[in-house]
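Letters A, B, ... mirror the listed sequences (proteins, then strands); counts begin at 1.
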Amino acid sequence: MNLYFKTLSKQTKSLCRACSVTFGSKDFSVAVEHCGSRNAHHLFEKSPRRDPLAYNNLLFEYSRNGLNHEALTLFAGLGRYGFSVDGLTLSCTLKACGCLFDQLSGKRVHCQCVKSGFLGDVSVGTSLVDMYMRTEGVRDGRKVFDEMREKNVVSWTALLAGYAQNGLHDSAVELFFQMQVKGVKPNPLTFVTVIGALANRGVVEEGSQIHTTVIKSGYESSTFVCNSLITMYSKSGGIRDARVVFDNLDSRDAVTWNSMIAGYVKNGLDLEAFRMFYLMNLAGEKLTQPLFVTLIKSCANLKKLCFARQLHCRVLRCGLEFDPNIRTALMVAYGKCTEMDDAFKMFSMMQGVRNVVSWTAMISGYLQNSAMERAVNLFCQMSREGVRPNDFTYSIILTAQPSISVLQVHAQVVKVNYDRSPTVGTAMLDAYIKTGNIKEAAKVFKLIDGKDIVTWSAMLAGYAQVGEIDGAVKIFLKLAKEGIRPNEFTFSSVIHACAGPTAAAEQGKQFHTLSIKTRLNNALCVSSALVTMYAKRGNIESANEVFKRQWERDLISWNSMISGFAQHGQGKKALQIFEDMRRKQIKMDGITFIGVISACTHVGLVDEGQRYFEMMVKDQHISPKMEHYSCMVDLYSRAGKLENAVDIINGMPFPAGAAVWRTLLAACHVRRNLELGKFAGEKLISLQPQDSAAYVLLSNIYAAAGNWQGRAVVRKLMDERKVKKEAGYSWIEVKNKTYSFLAGDRSHPMAEHIYSKLEELSFRLKDMGYQPDTNYVLHDVEDEHKAAILSQHSERIAIAFGLISTPAGTPIQIVKNLRICGDCHNVIKLISLIKRREIVVRDTNRFHHFKGGVCSCGDYW
DNA sequence: ATAGGGTTAG
């Protein structure tokens, strides 16, 4: 018989016609083996005698070989001939329905099960559960399961797998514990399924519990089960645990090695992945297709061109060069290594087998190499060649700003119904945020179906960027309410929002606490954001505490700490951090030096500042930008060396911008240098005719010199150009609420109180010999009036309010949107002495810590 | 196999 079928396979058709052999049921598996399933069907149809058993067996073979359509057709035939079906056939047919997502046929088979009395059969019941789970949500499958009289491990596993596949990972895990309570022992497949569910949920706690159950059940050395444990641990960040499982295994298969190496890649330990790969080669394990993909990805992460090329060679040697996945992975790797020519070569060789994915990968490569135009061209060409962009394509092309119009892409996205997709929607809202259109971004956000953590974080970051703290905090609370777990990026953004001037100081601390509870506080981006937040919120000690405890540091945390200390006037500490950074040979950038030079500026270390500037250019090979020149101008001019400042401007390799002139102008104001001030002011006004600060500073310089005519000219110019002076605000936070005050503000319900406090203060100040420095008043009025105007500056009102609404001895914190004036600076020093309060004022430029009559800036700011 | 979110200066 065997031989007969062997011959048959060669000339099936002709022989079939000729043959009149009766087929025994068992012979079918032989037939399928030799002829392939399709031919077996053909063979069977031609056969003069068809018995029901043979039919059933053929169906089994179809199902086993994944020929689902054939199985369904055959099942219909069974009914036509009136052949009886057995439980196995029903199960196989149900499986085919499930695989084809054909619920209609599935329901028909369900009826058959009822009619033929097989519903009580465990296998049939289980197959029904599985079919409903695949074609419908979990509800119908659950119903069948609950109605089953008898249930075994397989039924439980089917149910559990159904929950997991429908994304209900928590319920799947719960079922796992329930089945054990019912005395059903999990089998290897159960373990693999539940471990997979856990891995997709990303939690380790129950993971180790289930690991213990694996050991107790005696599957400790099952390669199948342990492979999934490795994946689970590496997905939830427990790469070390994954390695322990790996090391304890006696027999490892290709999947074991692949999972372990993929785990290292997923956790960003690409070098470790390659070490593992080396060990794998020593162990004699063969390279398989998925591992090629993983390793090539890893090359892309490492940007190691030579590794990629070596792997490319091995791909050729293994004859896998036509595998589309490997090709795409190689293209991506070349793109990441900035070898766009090589990537394009691979892409053009793919003619004929190019699909959306390879197009998208290519476009993405150009975008990463900032070749916006080429990316956009490719995007257009793709559409011309009839390849339709998918959600991935749209989400990357939206980053091609400003080469594309967000509005146009948005319109196209709506047309193809991708506007509700989380990836495309998120990319779109981010694109709107980048164009500053937060309203449109919020609209897009609302429409997105199934918002995930990335979507929420993007929206939160948007609010943080435009300084809408309340919006940011609201988003955070909302996502938490919806049961979404915030991740490190979410915390990083919300903490960033709390660094803004109007955020309550407590709020930042609360998010810090929350990040500790969720164990995300040590993530690099979170700890960096915390350093920045505390430094900006005036709590330099906490900033330093977080900085010291950081597990790892990036350039941003170093930079934040340096500029933090600089702003608080602790120049020496800023420089210590910098020297530490230099000793550890950490790569620095231009921003590091902005911090360092401004640290020197705030403590008046002119020569050191000069030295660091030279170090930046000569040792670090960082070419100075506009910002560095304004720092240098600031350094000299605050020390009163206006000539050196002018020399710097004259020696610049490009024309000085507004920032540089503004710095010089401010210095001229402090130093009362009318001539230079006029020059700088005119330059600034010509560069930024709408900048109110320019006019105000210049008119103040005229006023200070008693040149009322000059001042009037500037004022007139300001009126003509409709430039409004920015109003001076001060904020103070009392009991988690932020209060803001304008100069002369009487809108607060406690205004009476506040003003009597101010009066009381002015008496005490006079007693101490205080004389108002009326040079800081812009108005052309009598001295008496000037004093009154000074005493009503917004920061003083805020302080008075702080004094009456907080208990004695508590520190007062004020935030100002303008720079503090010299007279207020004197007054606050005295208040800190009289009232024995520590007062911290953050202006646009730096922090002033007033205590016992002195300020941390040493009157140098 | 391809994708979307974050942190730094004045």
Mind checking [X] for me? I need base, sugar-phosphate or nothing, with any heavy atom below 4.0 Å counting as a touch.
X         : answer
Ile591(A) : base
Val293(A) : sugar-phosphate
Ser421(A) : nothing
Ala461(A) : sugar-phosphate
Thr423(A) : base
Ser630(A) : nothing

- Message: Applying side chain to side chain donor-acceptor pair (under 3.5 Å) to Thr328(A) and Asn325(A), what does each step give before you reach the verdict?
- Response: CA-CA 5 Å; Thr328(A) 309; Asn325(A) 298 1; 5.8 Å; no
From C-beta outward on [X], which listed nucleotide comes closest to its side chain: [options]?
X         : options                 : answer
Asn325(A) : dA3(B), dG6(B), dA1(B)  : dA1(B)
Ile556(A) : dA9(B), dT7(B), dG4(B)  : dT7(B)
Ser560(A) : dG4(B), dA3(B), dT8(B)  : dT8(B)
Asn355(A) : dA9(B), dA1(B), dA3(B)  : dA1(B)
Phe489(A) : dG6(B), dG10(B), dA3(B) : dG6(B)
Asp554(A) : dG5(B), dT7(B), dG10(B) : dT7(B)
Thr328(A) : dG4(B), dG5(B), dA1(B)  : dA1(B)
Val357(A) : dT2(B), dT8(B), dG5(B)  : dT2(B)

Give the rounded distance in Å between these two atoms: [atom1] of [X] and [atom2] of [N].
X         : N      : atom1 : atom2 : answer
Met459(A) : dG5(B) : CE    : P     : 14 Å
Leu398(A) : dG5(B) : CG    : P     : 10 Å
Ile296(A) : dT2(B) : CD1   : C1'   : 14 Å
Glu488(A) : dG5(B) : CD    : C1'   : 10 Å
Tyr629(A) : dA9(B) : OH    : P     : 22 Å
Phe379(A) : dA3(B) : CZ    : P     : 15 Å
Met428(A) : dG5(B) : CE    : C1'   : 15 Å
Ile433(A) : dG5(B) : CD1   : P     : 10 Å

- Could you go through the side-chain contact (heavy atoms from CB on, under 4.5 Å) check for Tyr366(A) and Asn377(A) one step at a time? CA-CA 10 Å; Tyr366(A) 280 126; Asn377(A) 285 341; over 6 Å; no
- For side-chain contact (heavy atoms from CB on, under 4.5 Å), just list the numbers for Val387(A) and Arg354(A), CA-CA rounded to whole Å, side-chain angles, deciding distance to a tenth of an Å, and then say yes or no. CA-CA 9 Å; Val387(A) 181; Arg354(A) 284 179 195 169; 6.0 Å; no
Polar side-chain contact [X]-[N] base: donor and acceptor under 3.5 Å:
X         : N       : result
Ser457(A) : dG5(B)  : yes
Asp634(A) : dG10(B) : no
Asp323(A) : dA1(B)  : no
Asp391(A) : dG4(B)  : no

- Take Lys478(A) and Glu482(A) through the test salt bridge (charged side-chain N to carboxylate O under 4.0 Å, His left out) and record every step on the way to the result. CA-CA 6 Å; Lys478(A) 242 186 182 171; Glu482(A) 297 210 356; over 6 Å; no
Kindly say if [X] contacts the phosphate of [N], meaning a side-chain N or O under 4.0 Å from OP1 or OP2.
X         : N      : result
Lys297(A) : dT2(B) : yes
Gln289(A) : dA1(B) : no
His496(A) : dT8(B) : yes
Ser364(A) : dA3(B) : yes

- Message: Please give me the minimum heavy-atom distance between Val356(A) and Met382(A), naming the atom from each residue.
- Response: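 Closest pair (atom of Val356(A), atom of Met382(A), distance): CG1-CE, 3.7 Å.
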- Quick check, are the ring centers of Tyr629(A) and Phe654(A) under 6.0 angstrom apart?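 So the answer is yes for these two rings.
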- Using the benzene-type ring in the case of Trp, are the ring centres of Trp558(A) and Phe578(A) under 6.0 Å apart?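 Centroid distance Trp558(A)-Phe578(A): not below 6.0 Å, so no.
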